[in-house]
Amino acid sequence: MVLGLRESLLGQRVQRVRIFCDRLLGQTTPSSLRRVRGGRVIGLNRKGKFLLFHLSNGSLLVFHLRMTGKLLLVPSASPLTSRDRLRLDFSGWDWALSFEDTRRFGSLDILHGCEAADGLLSELGPDALIVGLEDFRELLAESRRPVKALLLDQRVIAGLGNIYVDESLHRAGIHPRTPAADIPRPDSRLLHASMRSILRKAIGCRGSSVSDYRDSRNRPGSFQKHHRVYQRAGEPCITCREPIAYIRVSGRGTHLCPACQKHPADGRRSS
DNA sequence: GGGCTCCTGGAT
DNA sequence: ATCCAGGAGCCC
């Protein structure tokens with residue numbers, strides 16, 4: 001998402017911001033909206049699941065798409081629809097940025113100057129694509145929570161969601177309920193590697209479109225074609241043909257292969 | 001940890 | 001009608 005937006009938006013000057021959703025509006029103030037106007041997009045980055053628009057006037061727009069959010073480039077002349085939650089117009093450009101979000105869980109925070117370092121982003125753990133193997137191992141070693149819960153916790157490690165956690169654990173052969181600290185060194189190396197390669201590949205595929213995700217040019221992602229467990233309950237495991245199971249782990253629907261991903265306690269319990 | 005909440009819509 | 005969903009914050 002960032003890559004696609006960056007090539008089109010970088011250098012554009014914000015002409016106006018319109019918000020059509022009370023929830024989104026509640027997160028902003030009229031004065032902070034005013035301060036955004038006239039700023040040029042000088043940087044577009046990602047931090048975990050947050051999208052950061054740096055403007056030349058010191059404003060920082062922080063989007064989070066949550067489950068159903070989309071940032072779409074639309075012709076600036078295109079009429080507003082009931083799906084539009086926000087519209088960003090740019091000076092002298094025939095494209096606009098539209099934020100659509102069926103379930104309205106998405107967010108926009110507008111920060112200025114030094115505020116940018118506070119709150120929100122400061123709580124985030126290291127990005128899953130940046131954290132090194134040894135730091136990753138330390139994060140695991142410090143907790144006995146189920147490894148799935150740990151990987152989903154953005155304060156521990158930022159950027160992973162339900163799909164990529166399930167896929168990473170499957171490829172590393174780790175049961176999602178394994179206490180993180182119990183993961184042996186060879187397995188944590190595997191997990192670190194699979195997490196990185198899956199995220200890189202998924203980004204290359206422009207994400208996974210389980211239902212309605214679209215990139216900024218309204219194209220679905222294609223990584224769902226490479227899912228080995230997510231939404232494959234009952235279908236044979238790619239590696240061992242065992243049917244993929246569906247369970248609940250720390251409140252989240254979880255897909256795994258019961259044969260490839262053994263829980264360490266299973267052996268003890270059955271003997 | 002588990003459970004509930006914020007929302008809307010699709011599948012069954 | 002009921003269950004489920006790419007997320008995450010709040011409560012006990």
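Worth saying up front: this structure is predicted, and the values here are computed from it rather than measured. Chain identifiers are assigned alphabetically (A, B, ...) following the order of the sequence lines, protein sequences preceding nucleic acid strands; residue numbering begins at 1 within each chain.
- Here the side chain of A/Arg248 is nearest to one of B/dC6, C/dA5, C/dG7, namely C/dA5.
- The CZ-C1' distance, from A/Arg206 to C/dG6, rounds to 17 Å in whole Å.
- No donor-acceptor contact under 3.5 Å links the side chain of A/Ser209 to the base of C/dG6.
- The distance between atom CZ of A/Arg252 and atom P of C/dA8, rounded to the nearest whole Å, is 8 Å.
- Spacing between C/dG6 and B/dG1 at atom C1', rounded to whole Å, works out to 23 Å.
- The aromatic ring of A/Phe105 does not stack onto the base of C/dA8, failing the criterion of a centre distance under 5.5 Å from the six-membered base ring together with planes under 30° apart.
- C/dG6 shows a glycosidic angle within 90° of 0 and is accordingly assigned syn.
- The environment of A/Arg219 atom CZ is dense: over 12 non-hydrogen atoms of other residues, nucleotides or ligands sit within 6.0 angstrom.
- When the C1' atom of C/dG7 is taken as reference, atom CD1 of A/Ile157 falls 17 Å away, rounded to whole Å.
- Separating the CD atom of A/Glu123 from the C1' atom of C/dG7 is a distance of 16 Å, rounded to the nearest angstrom.
- In this structure, CG of A/Leu65 is placed 16 Å from C1' of B/dC7, rounded to the nearest angstrom.
- Of the candidate nucleotides C/dG7, B/dC6, C/dC4, C/dG7 has the atom lying nearest to any side-chain atom of A/Asn162.
- When the side-chain nitrogen and oxygen atoms of A/Lys49 are compared with OP1 and OP2 of C/dG7, one or more of them lie within a distance under 4.0 Å.
- Regarding contacts with the backbone of C/dG7, every side-chain N or O of A/Gln154 stays at 4.0 angstrom or more from both OP1 and OP2.
- Donor-acceptor pairing under 3.5 Å, judged by distance alone, is present between the side chain of A/Arg103 and the base of B/dC7.
- For A/Tyr230, a side-chain nitrogen or oxygen approaches OP1 or OP2 of C/dG6 to under 4.0 Å.
- A/Ser211 comes within contact range of at least one nucleobase, with a heavy-atom separation under 4.0 Å.
- Considering A/Gln12, A/His54, A/Arg13 in turn, A/Arg13 is the only one that fulfils the side-chain contact (heavy atoms from CB on, under 4.5 Å) rule with A/Arg40.
- As a whole-Å value, the separation of A/Arg104 CZ from C/dG7 C1' is 17 Å.
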Exercise for the section: Apply side chain to side chain donor-acceptor pair (under 3.5 Å) to the pair A/Arg103 and A/Thr68, showing each step before the final yes or no. Expected result: CA-CA 6 Å; A/Arg103 290 178 73 181; A/Thr68 53; 5.6 Å; no
Exercise for the section: Evaluate the side chain to side chain donor-acceptor pair (under 3.5 Å) criterion for residues A/Ser78 and A/Arg87: first the C-alpha distance (whole Å), next the side-chain angles of each, then the deciding distance (0.1 Å), finally the verdict. Expected result: CA-CA 11 Å; A/Ser78 70; A/Arg87 195 97 151 211; 2.9 Å; yes
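- The separation between A/Leu121 atom CG and C/dA8 atom P is 13 Å, rounded to whole Å.
- Considering only the side chain of A/Asp212, C/dG6 comes nearest among B/dC7, C/dG6, B/dG9.
- The base-pairing partner of B/dC7, taking Watson-Crick or G-U wobble contacts with both distances under 3.5 Å, does not exist among the strands shown.
- Checked against the 6.0 Å centroid criterion, the rings of A/Phe50 and A/Phe63 do not qualify as a close aromatic pair.
- Look at A/His64 and you won't find any side-chain N or O under 4.0 angstrom from OP1 or OP2 of C/dG7.
- Among the heavy atoms of the strands, none lies under 4.0 Å from A/Arg83.
- In this structure, A/Tyr164 and A/His227 have perpendicular ring planes: the angle between them is above 60°, well past the 30° mark.
- Under the Watson-Crick or G-U wobble criterion, with both distances below 3.5 Å, B/dG1 is paired with C/dC12.
- Comparing C/dG7, B/dG9, C/dC4 by their nearest atom to the side chain of A/Tyr246 picks out C/dC4.
- Among the atoms of the strands shown, only primed sugar atoms or phosphate atoms (P, OP1, OP2) are found under 4.0 Å from some heavy atom of A/Gly253.
- Taking the six-membered ring where the residue is Trp, A/Trp93 and A/Phe90 present perpendicular rings, their angle passing 60° and hence far from 30°.
- The listed nucleotides are C/dG6, C/dA8, B/dC7; the one nearest the side chain of A/Tyr213 is C/dG6.
- Note on A/Arg66: every side-chain N or O is 4.0 Å or more away from OP1 and OP2 of C/dG6.
- Nucleotide C/dA8 holds its P atom 17 Å from the CZ atom of A/Phe63, rounded to whole Å.
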